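Since the structure comes first, as structure tokens, the remarks are kept for the end.
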Amino acid sequence: MGFRDKVLFRFYGKQDMKEIVPAPPPLVRNDVAAVQKLFQQHVVPSYGRFEIVLSHGAGSYVYDVTGKRYLDLGGGIAVSALGHAHPAITEALVEQSRKLIHTSNFYYHEPQGRLAQALTGLLAPGKCFFCNSGAEANEGLFKLARKFGHDDGRFEVITTLNSFHGRTLAGIAATGQDKVKKGFEPMMPGFRQVPYNDLDAVRNAISPATAAVLIEGIQGEGGVSPARPEYLLGLRALCDEKKLLLMMDGVQDGHFRTGCFQSFQRILESSSAAQTNGDAPGSGFLPDAISMAKSLGGGFPIGAFWIRAPYSDLLGPGAHGSTYGGSPLGCAVALKVLEVIQREKLADNARKVGAFIMRRLNDIADKYPQVVRTARGLGMMVGVELATNVPNLPGDGSRTQAARFAQLLHGAGVLTIPTGTQVLRLLPSLNLRQSEAEEGLNILEGLAQKLAN
Ligand SMILES: Cc1ncc(COP(=O)(O)O)c(C=O)c1O
């Protein structure tokens with residue numbers, strides 16, 4: 001009898017062991033084809049996956065089941081804020097799971113209250129609601145907008161073209177990209193899209209039914225496009241004038257990724273119009289609500305939205321809920337992620353290493369314009385736009401250039417996140433070292449040089 005069986009035997013006795021320890025599944029470990037076959041047979045094929053079968057990670061590196069190492073510049077799509085297998089996250093998971101994993105929201109517990117206090121403290125007086133994902137956080141914002149406008153018959157939310165707000169029915173209706181809507185029509189009513197960074201377009205789209213405006217500070221899935229400072233400030237003034245809620249989707253660009261807690265703070269930091277006398281840069285601007293997820297849990301699924309006072313009690317008892325939302329375990333991990341980000345000054349690191357990445361990418365774009373057209377972004381949220389027709393790009397011609405370039409990088413041991421046809425996103429952990437960034441960019445430059453010649 002092995003150690004595990006001995007322990008189980010002590011607790012449960014021999015009779016019950018069979019039920020508690022089901023027969024192990026057939027061994028598929030280290031077998032790429034076997035894992036892929038499991039997916040083909042049993043997993044809904046809704047994702048276009050790359051061939052890689054990942055096994056484990058450490059810091060900014062992940063390993064596949066064949067032992068190949070990759071520098072992870074995709075960060076699980078802006079999620080793994082502290083990298084892989086960070087001991088502080090493991091410790092928080094173990095410690096909290098020994099005490100209380102789940103309670104339901106019928107009861108109070110300290111981690112949820114403390115996390116709400118911490119997030120609110122990073123913004124302004126208001127309150128937080130907790131859920132499990134970015135889409136669910138945005139659903140909360142849509143319900144907030146409906147509640148806000150309900151008594152005078154307003155329900156519509158203006159969003160922007162090229163935006164992305166999640167895969168739920170309301171999320172795809174809000175999203176400004178046809179590809180996520182296709183096949184799921186009719187769209188849920190109550191959303192209207194206008195061009196991004198175009199204040200007049202928002203003004204012209206306002207109707208007696210409009211309750212709110214929702215934008216990303218930096219469009220992520222839309223190709224890493226930051227909002228202009230004047231646009232943000234103009235939206236704030238317009239929403240005040242028309243009595244609309246200004247809501248921001250901070251799911252991808254939030255949680256210190258840009259070097260500030262929220263991307264609008266980074267965008268506005270050098271804008272004198274956004275400063276009130278003596279206050280921190282950007283502090284003159286505030287949205288009315290912000291959705292969060294991704295890096296908030298550093299890989300543990302947790303989402304949230306913050307609502308500014310005086311709207312923070314609009315969703316009263318019974319108005320909204322989520323069974324797992326704000327569980328002791330999720331909140332304990334999110335608190336730990338926040339603590340490490342602050343203690344290790346990872347916002348500064350994101351800003352510094354992000355600037356280094358941008359400089360190197362601009363050099364590469366200057367040297368090989370046939371391959372890299374331009375780079376844009378802030379901090380650790382960077383988009384590399386490829387040239388329209390990258391020469392000699394191998395791979396299946398029916399796939400996008402972005403996917404084929406990402407695949408080429410996989411071969412060379414780097415993970416990135418393709419978006420649209422032309423853009424590769426770098427959304428690495430906030431503790432990525434400059435030497436690691438350099439390693440990835442040297443590889444990217446080497447590939448650009450080979451393709452160009
Ligand atoms: C800006 C933005 N909002 C919402 C979402 C949806 O988040 P989730 O996939 O956690 O539902 C995403 C996901 O990529 C996103 O980038």
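These numbers come from a predicted model, not from an experiment. When a ligand or atom number is given, it counts from 1 through the structure's own listing order.
Remark: distances from the non-hydrogen atoms of Q219 to ligand 1 are all 4.0 Å or more. Taking a 4.0 Å cut-off on heavy atoms, I77 fails to register as neighbouring ligand 1.
Below 4.0 Å from some heavy atom of G166 lie the following atoms of ligand 1, by number and element: 4 (C), 6 (C). Residue N138 approaches ligand 1 through these ligand atoms, each under 4.0 Å from one of its heavy atoms: 3 (N), 4 (C). Close approach to S133 involves these atoms of ligand 1, each under 4.0 Å from a residue heavy atom: 10 (O), 11 (O). Of all atoms in ligand 1, listed by their number and element, those nearer than 4.0 Å to a heavy atom of A135 are 6 (C), 7 (O), 8 (P), 11 (O). Of all atoms in ligand 1, numbered sequentially from 1 with element shown, those under 4.0 Å from a heavy atom of D249 are 1 (C), 2 (C), 3 (N), 4 (C).
Residue G134 places at least one N or O, backbone or side chain, under 3.5 Å from an N or O of ligand 1. The N/O atoms of E136, backbone and side chain alike, include none that comes under 3.5 Å of an N/O atom in ligand 1. In terms of polar-atom proximity, defined here as any N/O pair under 3.5 Å, A293 makes no such contact with ligand 1. The shortest N or O to N or O distance between E216 and ligand 1 is not under 3.5 Å. Considering backbone and side-chain atoms alike, H165 places every N or O at 3.5 Å or more from each N or O of ligand 1.
Look at R425 and E385 and you find no salt bridge, because none of the NZ, NE, NH1 or NH2 atoms lies under 4.0 Å from a carboxylate O. By the 4.0 Å N-to-carboxylate-O rule, D288 lies close enough to R236 to be salt-bridged with it. Contact check on D348 versus K352 returns no salt bridge, with no Lys/Arg side-chain nitrogen under 4.0 Å from an Asp/Glu carboxylate oxygen. Note on E445 versus R360: salt bridge recorded, some NZ/NE/NH1/NH2 to OD/OE distance being below 4.0 Å. Salt-bridge check for R351 with E269: passed, with a basic side-chain N closer than 4.0 Å to an acidic carboxylate O.
Aromatic rings of F264 and F285 (six-membered ring for Trp) have centroids within the 6.0 Å cut-off, being under it. Ring-centre distance between F305 and F130: not below the 6.0 Å cut-off.
A donor-acceptor distance shorter than 3.5 angstrom exists from the side chain of S163 to the backbone of G176, with no hydrogens or angles considered.
Two residues are said to be in side-chain contact when any heavy atoms from C-beta on lie closer than 4.5 Å; Y61 and E436 meet this criterion. The shortest distance between side-chain heavy atoms of T210 and K242 does not fall below 4.5 Å. In this structure, the side chains of L441 and F356 come closer than 4.5 Å at one or more pairs of heavy atoms.
Within the 4.0 angstrom cut-off, atom 9 (O) of ligand 1 has no protein heavy-atom neighbours.
When the heavy atoms of E139, M292, Q252 are ranked by distance to atom 16 (O) of ligand 1, first place goes to Q252.
Counting heavy atoms under 4.0 Å from ligand 1, residue D253 does not touch it at all. With a heavy-atom cut-off of 4.0 Å, K294 touches ligand 1 through its side chain alone.
Of all protein heavy atoms, the one lying nearest to atom 15 (C) of ligand 1 is F164 CD2, 3.6 Å.
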